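Beneath this line is the structure, given in structure tokens, with notes to follow.
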Amino acid sequence: MTSLFSKEFISEITETLRLQKIKLDRQIKDLTNKETGSAFPSYGEGEDESAEEVATYDANLQLIDSIQSEMRDINESETRLTKGTYGTCKYCNNPIDEQRLRARPTSSSCVACKKALTQEL
Ligand SMILES: [Zn+2]
């Protein structure tokens with residue numbers, strides 16, 4: 001399949017996605033307690049510390065959740081890159097603007113469709 005984009009652009013995006021994944025991976029690791037392997041932190045045994053742990057745990061879980069959904073978007077983009085369907089709007093099949101893809105490499109819809117969708121909401 002011939003790509004809509006130049007080789008340079010595709011490798012630029014591939015690299016951006018790769019680096020982004022490494023960054024997200026590190027963020028998840030930072031949020032994970034090294035001893036327990038869970039997102040539950042360990043501040044101490046006191047009651048104050050326990051309350052703080054639970055609050056941090058909730059926040060950590062939310063963060064991890066959003067990081068993981070970002071990861072999924074990146075993985076999908078990588079699949080599209082491999083298949084040669086990257087940069088095509090999933091609604092109208094038109095090519096997505098390079099500028100838009102540079103700013104947000106996981107975009108899967110063009111500006112016009114995105115606008116139409118947002119206005120519907
Ligand atoms: Zn579109």
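None of these values were measured; they are calculated from a predicted model. Counting starts at 1 for both ligands and their atoms, following the listed order.
- Atom NZ of Lys34 is surrounded by more than 12 heavy atoms from other residues, nucleotides or ligands within 6.0 Å.
- Under the side-chain hydrogen bond (donor to acceptor under 3.5 Å, both in side chains) criterion, Asp58 pairs with no residue at all, not counting sequence neighbours.
- Sorted by first and then second residue, the pairs that involve residues 17-28 and meet salt bridge (charged side-chain N to carboxylate O under 4.0 Å, His left out), not counting sequence neighbours, are Glu15-Arg18, Lys21-Glu78, Asp25-Lys29.
- If you count the protein N, O or S atoms nearer to the Zn ion (ligand 1) than 2.8 Å, you get 4.
- Listed by first then second residue, pairs satisfying salt bridge (charged side-chain N to carboxylate O under 4.0 Å, His left out) with a partner in residues 35-54 number zero, not counting sequence neighbours.
- Although no hydrogens or angles enter the test, the distance criterion places a donor-acceptor pair under 3.5 Å between the side chain of Arg100 and the main chain of Ser109.
- Applying the side-chain contact (heavy atoms from CB on, under 4.5 Å) test between Ser77 and each of Leu17, Thr14, Thr16 identifies Leu17 as the sole match.
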